[in-house]
Amino acid sequence: MSWQQHKARGERHTHTSSRDKMNVPVLSSILLLISTAHAFQYTELAQYIDSHQEEYVEALRDWVAIESDSSNVLKRAELHRMMDMTAQKLRLMGGTVELVDIGEQELPDGQMLALPKVVTAQFGNDSNKLTVCVYGHVDVQPAKLEDGWATDPYNLTDINGNLYGRGASDNKAPVLAWIHAVEAYQALNMELPVNVKFVIEGMEETGSNGLDAMIVAQRDTFFSDVDYIIISDCGWLSRRPALTYGTRGNCYFFAEVEGPKQDLHSGVYGGSVIEPMTDLIGILDTLISPSGTILIPGIREAVAPLSDDEWKMYQDIQFDIENHKNKTGVNQLMYNNKVDLLAHMWRYPTVSIHGIEGAFSDPGTKTVIPAKVTAKFSIRQVPNMDPAMVKKQVTDYLHSVFAKRKSPNKLKVTMVIGAKPWLADPQHPLYEAGKAAVNRVFKTDPDLIREGGTIPIARTFQDVTRKSIIMMPIGGFDDGMHSQNEKISRYNYIEGTKLFVSFLYEVSQLKKTSV
Ligand SMILES: C[C@H](N)C(=O)N[C@@H](Cc1c[nH]cn1)C(=O)O
């Protein structure tokens, strides 16, 4: 039976056949007993979680201390250590754990480097229960104290109930919260309401290299009995909890311009050579207009139009523009109204220029003409854009713009990440279960939101396993993921753990179904 049919019949366990046979007072008492028993269980679980708060913070401290930066090849040993530590934690809890070898990655210079193994784990194997698979990652973005952090990014620091450290919110605390949710059931000798599987990787921040192939390879084994996939790798929009039903994709490019055989003195040679940096800045300036219009032909045409329903949904979401300005520290945003802002953060593409390798960026005044410079930029993409098409559009466009400059320098354009966008139906019963869990813990309905960032593997999970995905964030709206002073609040970490124990129960009330 499809979920639409379940929905038509009442979505959750309705016990309709029993109701036909029993008289209503008896049934009501049974239902009351069941719900009271669960409320009691939830209270115990919540108390257990509250009383183990310090242990959870210490576990996060141990994980944050590992500089598991997947973008820095010099930190690869740390990343391997992080995966081993994750596997060990799950093993000590009695899970069936594997460290899956996903091969090697090729570096720009042609060298091969081992990818961090993927941790898979399983708790429970009861065919009468539903099985959920929790996905998360334990690699992080780069961070250095001198980037402007107020505290050491790898030493978890508690300031006024906020836990500062690289990866605290993205995604180490949410992964730990899921692990602690399972541990809480175990510690209280409570049966897990569903079987729980984990897939934890170490390359998310660089595009989840190697994970697509692993999912395809294990589709009929590890993933064969998975009913639902849960991802908690994003944040709320405001102080109100949220459920996320869409993410943008990301196409990440390197544009390299190479000229002289080595760096040159700008006084001695300036005026005689055509500078690679001038060429590069010139072509970068043709990607997007000052008002945010993408200038690459074909990109805007591919975007699915905003429907009236979507417009209405965005209209109804609580989003404080002034708060957004304060959070970002700017006094003017691209758009002045809520719907335009949300739509441009979630469901329209955008171009961001991240950096230029080879450029002089130290303090001081070096008078140099860099011989080779490589720009790094990305395009967040949305339905119905396609990474292969975006690659061609960007490459053709940049070469045509560069050709007009008639420069003797050489341009090379490479797409290094091509992650697709993901979109779910927020009317799916899985989201009803999510809402029930949010209501139990936070006593409010969640916002239904989309995420401007990318979970590179989300679409592969959906396409390969054909199972429904829910994104259940516990990150705060002001956590500063990828930026200086990333943090997660104790409140979100601990209440988030309660949300997860509650959601496991709510999922168990769904019937077996597929996408
Ligand atoms: C949303 C998630 N926490 C995240 O930050 N993901 C990264 C993934 C990515 C995209 N390109 C490369 N890695 C992101 O959105 O930047």
Side-chain angles (χ1 to χ4, degrees), residues 67 69-75 105-111 113 140-149 153 166 205-207 250-290 292 294-296 328-330 350-380 390-391 394-395 397-418 480 482-484:
E67 200 175 338
D69 173 357
S70 53
S71 68
N72 184 346
V73 296
L74 301 174
K75 300 289 173 192
Q105 76 183 113
E106 187 176 351
L107 302 180
D109 64 2
Q111 274 192 66
L113 185 69
V140 297
Q141 287 277 314
K144 291 193 285 243
L145 188 59
E146 54 271 31
D147 293 339
W149 281 69
R166 173 53 91 224
E205 298 292 5
T206 52
N250 199 14
C251 289
Y252 201 109
F253 290 90
F254 288 179
E256 174 193 290
V257 180
E258 188 169 11
K261 65 178 184 188
Q262 64 189 63
D263 292 355
L264 301 171
H265 187 304
S266 68
V268 176
Y269 297 100
S272 71
V273 295
I274 294 165
E275 301 189 14
M277 184 73 94
T278 312
D279 279 342
L280 186 64
I281 302 286
I283 64 169
L284 288 179
D285 193 38
T286 67
L287 292 172
I288 185 162
S289 79
I294 297 180
L295 304 172
I296 306 153
T328 50
V330 300
T350 188
V351 172
S352 300
I353 299 171
H354 306 292
I356 299 182
E357 196 174 316
F360 172 63
S361 64
D362 291 340
T365 54
K366 187 177 181 187
T367 48
V368 70
I369 298 170
K372 183 168 99 173
V373 279
T374 307
K376 302 182 178 184
F377 66 92
S378 69
I379 302 183
R380 296 285 172 174
V390 173
K391 179 180 175 182
V394 170
T395 310
Y397 176 66
L398 284 183
H399 278 290
S400 76
V401 171
F402 189 72
K404 289 194 193 119
R405 299 181 69 87
K406 303 205 182 314
S407 169
N409 297 326
K410 285 192 252 358
L411 169 70
K412 191 165 118 193
V413 181
T414 330
M415 187 173 89
V416 291
I417 298 173
H482 292 207
S483 106
Q484 294 92 341

Which residues pass the side-chain contact (heavy atoms from CB on, under 4.5 Å) test with [X], not counting sequence neighbours?
X    : result
I417 : Y252, A419
K412 : E256, T414
S266 : T367, I369
Q111 : L107, D109

Closest non-hydrogen atom pair between [X] and [Y], with its separation:
X    : Y    : answer
P276 : G259 : CG-N, 3.7 Å
V373 : A359 : CG1-N, 4.1 Å
Y269 : S272 : O-OG, 2.7 Å
D263 : A371 : OD1-N, 2.8 Å
W149 : S483 : CZ2-O, 3.5 Å

Flag the pair [X] / [Y] as yes when at least one side-chain heavy-atom distance between them is below 4.5 Å, and no otherwise.
X    : Y    : value
L295 : V351 : no
P142 : N72  : no
V394 : F377 : yes
S378 : H354 : yes

To the nearest 0.5 Å, what is the distance between [atom1] ([X]) and [atom2] ([Y])?
X    : Y    : atom1 : atom2 : answer
L411 : L398 : CG    : CG    : 6.5 Å
I283 : I281 : CD1   : CD1   : 9.5 Å
Q484 : R166 : CD    : CZ    : 8.0 Å
K391 : C251 : NZ    : SG    : 10.0 Å
S71  : E205 : OG    : CD    : 8.5 Å
T350 : I294 : OG1   : CD1   : 5.5 Å

Please list, chain by chain and in numerical order, all residues satisfying ring pair (Phe, Tyr, Trp, His ring centres under 6.0 Å) with H265, sequence neighbours excluded.
->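 By the ring pair (Phe, Tyr, Trp, His ring centres under 6.0 Å) rule, H265 matches no residue at all.
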How would you list, by chain and number, every residue that makes a ring pair (Phe, Tyr, Trp, His ring centres under 6.0 Å) with Y397, sequence neighbours excluded?
->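 With sequence neighbours excluded, Y397 shows a ring pair (Phe, Tyr, Trp, His ring centres under 6.0 Å) to no residue whatsoever.
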Between D147 (side chain) and K144 (backbone), is there a donor-acceptor pair under 3.5 Å?
-> yes
Between the main-chain N or O of Q141 and the side-chain N or O of D69, is there a donor-acceptor pair closer than 3.5 Å?
->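 A pair under 3.5 Å: no.
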side-chain contact (heavy atoms from CB on, under 4.5 Å) assessment of V390 paired with F253 = CA-CA 10 Å; V390 173; F253 290 90; 4.2 Å; yes
Under the side chain to side chain donor-acceptor pair (under 3.5 Å) test, residues paired with [X] that sit two or more places apart:
X    : result
D279 : R405, S407, N409
D362 : none
Q105 : R76
T374 : none

Test salt bridge (charged side-chain N to carboxylate O under 4.0 Å, His left out) applied to K366 - qualifying residues, sequence neighbours left out = none
Can you name the salt bridge (charged side-chain N to carboxylate O under 4.0 Å, His left out) partners of K75, sequence neighbours left out?
->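 For K75, the residues satisfying salt bridge (charged side-chain N to carboxylate O under 4.0 Å, His left out) (neighbours in sequence not counted) are E67.
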